[in-house]
Participant: 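Before anything else, here's the structure in question.
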Amino acid sequence: MPRIQIGSWASGLVDWLRDNVAWLFDFITYVLNGFYNAVHVVLAAPAPLVLAGILAILAWWLRGLPAALLTFLGFALIDSIEQWNETVSSLSLVLVACIITVAVAIPLGILAARSRAVGGVLRPVLDLMQTMPAMVYLIPGILFFGLGVVPGIVATIVFSMPPAVRMTELGIRQVDEELVEAAEAFGTPPRRTLFRVQLPLALPTIMAGINQVIMLALSMVVIAGMVGGGGLGGSVYNSLSSVDVKLGAEAGLSVVILAVYLDRMTGALNQRVSPLGRRALAKAQAALGGMKFLYWKPATSLATVGVVVLALVAGGMSVFGKDSADKGAAASDGGGRSISLGYVNWDEGRATTFLWKEILEQRGFKPKVQALDAGPLFAGQARGDIDVQSNAWLPTTHAEYWKKYQDKLEDLGTWYDKTSLEIAVPSYMKDIKTLDDLKGKGGELGGRITGIEPGAGEMKILKDKVLKAYGLEDEYKVQESSTSSMLTELDRAIHDKKPIAVTLWSPHWAYNKYDLTKLKDPKGAFGSGDSLHMLGRKGFSKDEPQVAGWMKNFHLDEEQLTSLENEVTKAGVGHEQDGVRAWLKKNPGLVDKLAPSAHADYAKGKDAGKAPNIGYPAWDEGIATTYLWKNVLEKRGYKPNIRNLDVGPMWTGLSTGQIDVETDGWLPVAQKQYWDKYQNDLVDVGAWYDKTSLEIAVPSYVKGVKTLDDLREHKDEFKGKIIGIEPGTGQMKRLKEVVAPEYGLTDFDVTEAGTSAMLAELERAYAKKEPVAVVLWSPHWAYSKYDLTKLADPKGTWGANNQIKTIANKSFPEKFPEFNGWLKNWKMSPEELGSLEQAIQDAGKGHEDQGAEKWIDAHPGIVDKMAPVK
């Protein structure tokens, strides 16, 4: 039989949908996230016991006093075992998924009941939805919606919808046809027949379907924990991947309590809303005799009052119970910003992730951590759902993922080197020292090598290369499990002195705990070893330059890493940060070394308190450097005042002393006329940037225009227009008086709308691929954003290259001697100036201060370099 490429077709369809319908998935993600967040905020707001009381009142209203007491005790138990937040998250996810499922399923069930054609079409679709393995839905969920609650909600909706559709259809079809015919005989319209006859009688069956939806949704929510859905699913996944019996028992018990509550309450709700249910309930209560008081249920109005009172109590506790823990967050490095950290549940990944969680919290960030398998982690990071991961093993172990996603990731550098992948055996297995020695020992080892997660690169290398290189593929089977399962099996085997071979790597604390032999790899099948890398999503360094800078300088040696792993392992799952804190106490000062705060107390300058007046033109380098110096001076205790002025008024202000200093003097050419006019009242503090140039530029798609002579010859193509800047600039004066006459460009219309207007016109023309000639200069960020051609000036009409200088009033050195000294020694490289301008551009108009602050954060030590204080 020829192979039918169903998998390839499915993959192609998913790729096509992801590439062409991304807008729809983004919209769905936005809506579902908003819905989930709204529900979660409501449920998470009350104190645990207050919400437990509200749920108990609902149980009392639906089932009676015993159910209320058991509800309160059950949820109080969840709180006591520290699974409350996870339970609330899971309950929120279930409610959102079930509301959407029921809203879609019941109308579909009604349509199927009223039309056999619709029912026939829906039936195979529902079969597919219900019988497809639940975890399969998570694969397209990750690709379409990323990590988090949204793929979990979508997968839950798809998986749990069939029972509601089927039971709705069944309930309506089972309504006695004679009753329907009687209604029709009396002239009842079809819609009233549906709502007054069929639906009330079908309600018990429909409610049974809704009950099944809730149960299936809860089971799927647990599975969704594998893709960052959080909640109890995350706890179950963590307990499984770490073989943590304690966490597994507690999370499992919480799932049971939540499932029983939802099951019993939805079942009882049927008795409240269905006429048949109320009749059956009345008969059951009549048979109770003297025990009726136990099953007395408050009236709806009384139950509502109880819920409202507890909700008001919860609201009051929320308002008056707030502390000032977040005060000053805006003044910290992080300012309360969120950063998501993902990790594969390997020891070095878990340890370093929680180390960075602690560091970021101390620096004012709000980090979130998620444990994921390697595949979802890399895919989620490529989508931008995860900001950073710390345990990428490159170039070998995670080579497959790096090759697939490297254009959407940033390598923040190596923090640990000299790793190795290997197979290890207990040292009491005396005759096995190399991988060659495994040959013929399959019987002794049960023909099995105990492996780790199936998505790990080491497992792929072992199966595809190592076993074949040593001829072991027919003798051994690699048992896929998890790192924790492998370690548990290793511990059990060593305890019983039994033979075992496991996949391991170095560094690993297992080599300290057990006496193991690393099997030598004389053929080098495992490769030369990996380095541990910090990876960021694409754009992370730009968004969080300070954090990226910390992580690029992050390094741990073997002793530090293994001791950190040991402390985290001892603390246990759910208490990893306690282990990190214990380790940091033994390593004082390490947080300040790994993440030097940009908001440390800066030493004050000798002239702290003085208020220099700084002027600047609306040119990119002038704006950028002025706001940079404003930030630096404020850190040194100065109180600078800055003013944006046109070039002419600014030079006049400098000469009269109304402006003390400016950093954007283009000399000796561009602003020569101002220098010649006012130089007796000014002082040249010094050049901070060299090798500038003035020019006219055109887009590179305009062919045949390379020089100013070519521009004249292509006048019609440019509609006889050159887009200029501010009319008062020296460059515009020189263009009109020298450049244009020399090259015969005097009949060109030179616009004078300003730099911003010139850049806007350039962007518009570039987007439409239209010819445009603009007045520009170097350095300028436009050359990075657009592919432009600087028109050559063979006659040298633009004059010699300028330097960018700091120009001050002649009294400036005496009034501000310290600041004057700093400016004399100040220099900027093209890279520094370009990145500073970009940071200011990214921050946007009105937020230049924040852009400069962000750039300073990304350049630790820059304040001391620019403005040294002894």
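In this text, all values refer to a predicted model and were calculated from it rather than measured experimentally.
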Participant: A399 and L394: which non-hydrogen atoms are nearest, and at how many Å?
Facilitator: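 A399 and L394 have their closest heavy atoms at N-CD2, 4.3 Å.
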
Participant: Report the distance from atom CE of M129 to atom CG of D127, rounding to the nearest 0.5 Å.
Facilitator: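 Spacing of CE (M129) from CG (D127) equals 10.5 Å.
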
Participant: With I28, which residues qualify under side-chain contact (heavy atoms from CB on, under 4.5 Å), at least two apart?
Facilitator: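 I28 satisfies side-chain contact (heavy atoms from CB on, under 4.5 Å) with L24, L32, F145 only.
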
Participant: What closest approach, in Å, do S90 and L232 show between heavy atoms, and which atom pair accounts for it?
Facilitator: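 That closest heavy-atom pairing would be OG-N, 2.8 Å.
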
Participant: Could you pull out all residues at least two apart from R448 that satisfy side chain to side chain donor-acceptor pair (under 3.5 Å)?
Facilitator: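 Listed in chain order: E489.
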
Participant: Is it true that R537 and D385 make a salt bridge, defined as a side-chain N closer than 4.0 Å to a carboxylate O?
Facilitator: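 No, this pair does not count.
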
Participant: Can you pull out every ring pair (Phe, Tyr, Trp, His ring centres under 6.0 Å) where at least one residue sits in residues 74-98? Sequence neighbours excluded, please.
Facilitator: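 Ring pair (Phe, Tyr, Trp, His ring centres under 6.0 Å) check on residues 74-98 returns F75-Y261.
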
Participant: Can you list every pair that meets salt bridge (charged side-chain N to carboxylate O under 4.0 Å, His left out) and has a residue in residues 249-266, with sequence neighbours left out?
Facilitator: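 Sorted pair list: K246-E250.
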
Participant: Who pairs with E82 by salt bridge (charged side-chain N to carboxylate O under 4.0 Å, His left out), at least two apart in sequence or on another chain?
Facilitator: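 Expected list: none.
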
Participant: Quick one: salt bridge (charged side-chain N to carboxylate O under 4.0 Å, His left out) partners of K408, sequence neighbours excluded?
Facilitator: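 Residues passing salt bridge (charged side-chain N to carboxylate O under 4.0 Å, His left out) with K408: none at all.
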
Participant: Between W346 and E453, is any side-chain donor less than 3.5 angstrom from a side-chain acceptor?
Facilitator: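 E453 and W346 do have a side-chain donor-acceptor pair below 3.5 Å.
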
Participant: Tell me whether the rings of Y343 and F354 are parallel (<30°), tilted (30 to 60°) or perpendicular (>60°).
Facilitator: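 Judged by the thresholds at 30° and 60°, the geometry between Y343 and F354 is perpendicular.
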
Participant: With sequence neighbours left out, write down each residue that passes side-chain contact (heavy atoms from CB on, under 4.5 Å) with Q212, or none if nothing qualifies.
Facilitator: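 By the side-chain contact (heavy atoms from CB on, under 4.5 Å) rule, Q212 matches P163.
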
Participant: Under the side-chain contact (heavy atoms from CB on, under 4.5 Å) rule, collect the residues that match up with V31, sequence neighbours excluded.
Facilitator: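 Residues passing side-chain contact (heavy atoms from CB on, under 4.5 Å) with V31: F27.
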
Participant: Go through the structure and list residues passing side-chain contact (heavy atoms from CB on, under 4.5 Å) with E400, not counting sequence neighbours.
Facilitator: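 Scan of E400 (side-chain contact (heavy atoms from CB on, under 4.5 Å), adjacent residues dropped) gives K460.
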
Participant: Name all residues meeting the salt bridge (charged side-chain N to carboxylate O under 4.0 Å, His left out) criterion together with R123; count only those two or more places apart in sequence or in a different chain, and write none if there are none.
Facilitator: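 Partners of R123 by the salt bridge (charged side-chain N to carboxylate O under 4.0 Å, His left out) criterion, ordered by chain and then number, come out as E169.
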
Participant: Please find the pair of heavy atoms, one from L409 and one from Q381, that lie closest to each other, and give the distance.
Facilitator: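 The pair with the smallest heavy-atom distance is CD2-CG, 3.6 Å.
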
Participant: For V213 and S160, which heavy atoms make the closest approach, and how far apart are they?
Facilitator: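 That would be CG2-O, 3.2 Å.
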
Participant: Quick one: salt bridge (charged side-chain N to carboxylate O under 4.0 Å, His left out) partners of K368, sequence neighbours excluded?
Facilitator: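 Not a single residue meets the salt bridge (charged side-chain N to carboxylate O under 4.0 Å, His left out) criterion with K368.
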
Participant: Looking at CD of E480 and CG of L462, how far apart are the two atoms once the value is rounded to the nearest 0.5 Å?
Facilitator: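 With rounding to 0.5 Å, CD (E480) is 10.0 Å from CG (L462).
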
Participant: For the residue pair T156 and G152, what are the closest heavy atoms and their distance?
Facilitator: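 What the structure gives for the nearest pair is OG1-O, 2.6 Å.
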
Participant: Between R337 and E544, is there a side-chain N and carboxylate O pair less than 4.0 Å apart?
Facilitator: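 A salt bridge links R337 with E544.
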
Participant: Tell me the side chain to side chain donor-acceptor pair (under 3.5 Å) pairs involving residues 92-116, sequence neighbours left out?
Facilitator: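 For residues 92-116: none.
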
Participant: Identify the heavy atoms of G451 and M486 that sit nearest to each other, and give their distance.
Facilitator: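 Minimum heavy-atom contact is O-CB, 3.4 Å.
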
